[in-house]
Amino acid sequence: TQSTRPQRILGAVQQNATRGDPRSVVRAIDQYCRNQEWAMNVGDEKGCILDSVVSEVNPATVLELGTYCGYSTVRIASLLPPHAKLITLEFNPEFAVIARQVIAWAGLEDKIQLVEGASGDLIPKMKEQFGVETFDLVFLDHWKDRYLPDTKLMEECGLLRKGSVLLADNVICPGTPEYLEFVRSSPRYESQYFKSHLEYTKVEDGLEKSVFLG
Ligand SMILES: O=C(NCCO)c1cc(-c2ccc(F)cc2)cc(O)c1O
Ligand SMILES: [Mg+2]
């Protein structure tokens with residue numbers, strides 16, 4: 001029977017990465033997706049920008065919206081301080097099954113909590129169910145039409161504090177025009193665009209970093 005692209009990505013990790021070595025997991029996925037078949041991981045070029053923002057924020061609590069195969073989940077978690085926690089939300093159960101195995105291969109289960117479900121349903125439950133106060137960093141990489149409604153929802157649920165950083169993938173390709181307009185025009189955010197390219201291609205894309213001003 002036919003394997004899926006996420007299954008083939010997991011295979012590349014199990015074949016080429018060292019158990020317990022997150023950076024080798026990141027490298028194995030990038031090599032596979034650059035040389036064998038494209039996949040929608042944030043990738044190595046935008047990944048370096050992600051790394052620099054994570055290192056600058058040095059977050060104790062991270063929320064990732066959109067896990068896919070766990071590439072950015074592992075990339076972020078590998079940079080977190082000892083007791084920091086990352087919660088990642090994934091709607092697609094097939095993606096979640098693969099991501100759990102990629103996260104396990106990297107040895108990062110203790111830092112990462114993967115929750116299956118719709119972000120719009122799970123965000124209001126963050127405080128009561130997952131014991132979260134506020135998020136220091138949010139990485140938005142899920143359905144592009146959910147970036148804006150979920151950002152408003154996080155504000156309403158009191159999950160953002162003065163200085164919380166939102167980092168959004170794909171603001172050019174596939175594009176998130178309403179989200180971009182909102183964070184760039186709202187007096188409650190200080191936004192900055194990091195120009196880059198769509199993962200593994202020469203197509204323009206970029207990350208938008210937006211600091212919540214409270
Ligand atoms: O949909 C995306 N993510 C949510 C998945 O549940 C996504 C899509 C693309 C992409 C796809 C098709 C194309 F032609 C160009 C870009 C890229 C990404 O980085 C993404 O995150
Ligand atoms: Mg993306």
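Order of listing sets the numbers, starting from 1, for every ligand and every atom in it. Positions are given from 1, in the same order as the sequence printed here. Remember, predicted model here, so these are calculated numbers, not experimental data.
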- Among the N/O/S atoms of Asp169, select the one at the shortest distance from the Mg ion (ligand 2) and name it. OD2
- When you check the side-chain N and O atoms of Tyr200 and Asp30, is any donor under 3.5 Å from an acceptor? yes
- Message: Can a side-chain donor-acceptor contact be found between Glu64 and Ser72 if the only test is distance below 3.5 angstrom?
- Response: yes
- Glu190 CD: over 12 foreign heavy atoms closer than 6.0 Å: no
- Do the side-chain N and O atoms of Ser191 and Arg184 include a donor-acceptor pair separated by under 3.5 angstrom? no
- Item | Glu199 backbone or side-chain N/O/S under 2.8 Å from the Mg ion (ligand 2) | no
- Item | Gln192 atom CD, neighbour heavy-atom count above 12 within 6.0 Å | yes
Go ahead and list the nitrogen or oxygen contacts between ligand 1 and the protein that come in under 3.5 Å, distances to 0.1 Å, or just say none.
residue  : atom   : partner : partner atom : Å
ligand 1 : 3 (N)  : Lys144  : NZ           : 3.4
ligand 1 : 19 (O) : Asp169  : OD2          : 3.2
ligand 1 : 19 (O) : Asn170  : OD1          : 3.0
ligand 1 : 19 (O) : Asn170  : ND2          : 2.7
ligand 1 : 19 (O) : Glu199  : OE2          : 2.5
ligand 1 : 21 (O) : Asp141  : OD1          : 2.8
ligand 1 : 21 (O) : Lys144  : NZ           : 2.9
ligand 1 : 21 (O) : Asn170  : OD1          : 3.0

- Can a donor-acceptor pair be found between the side chains of Asn170 and Asp205 at a distance below 3.5 Å? yes
- Note on the structure: For the Mg ion (ligand 2), the nearest N/O/S atom on Asp141 is atom OD1
- Item | Contact check, side chains of Leu137 and Thr61, non-hydrogen atoms, under 4.5 Å | no
- Is the distance between the Mg ion (ligand 2) and the nearest N/O/S atom of Asn170 smaller than 2.8 Å? yes
- Query: When hydrophobic residues are tied together by side-chain contacts of less than 4.5 Å, even through go-betweens, does Phe139 share a cluster with Tyr68?
  - Reply: yes
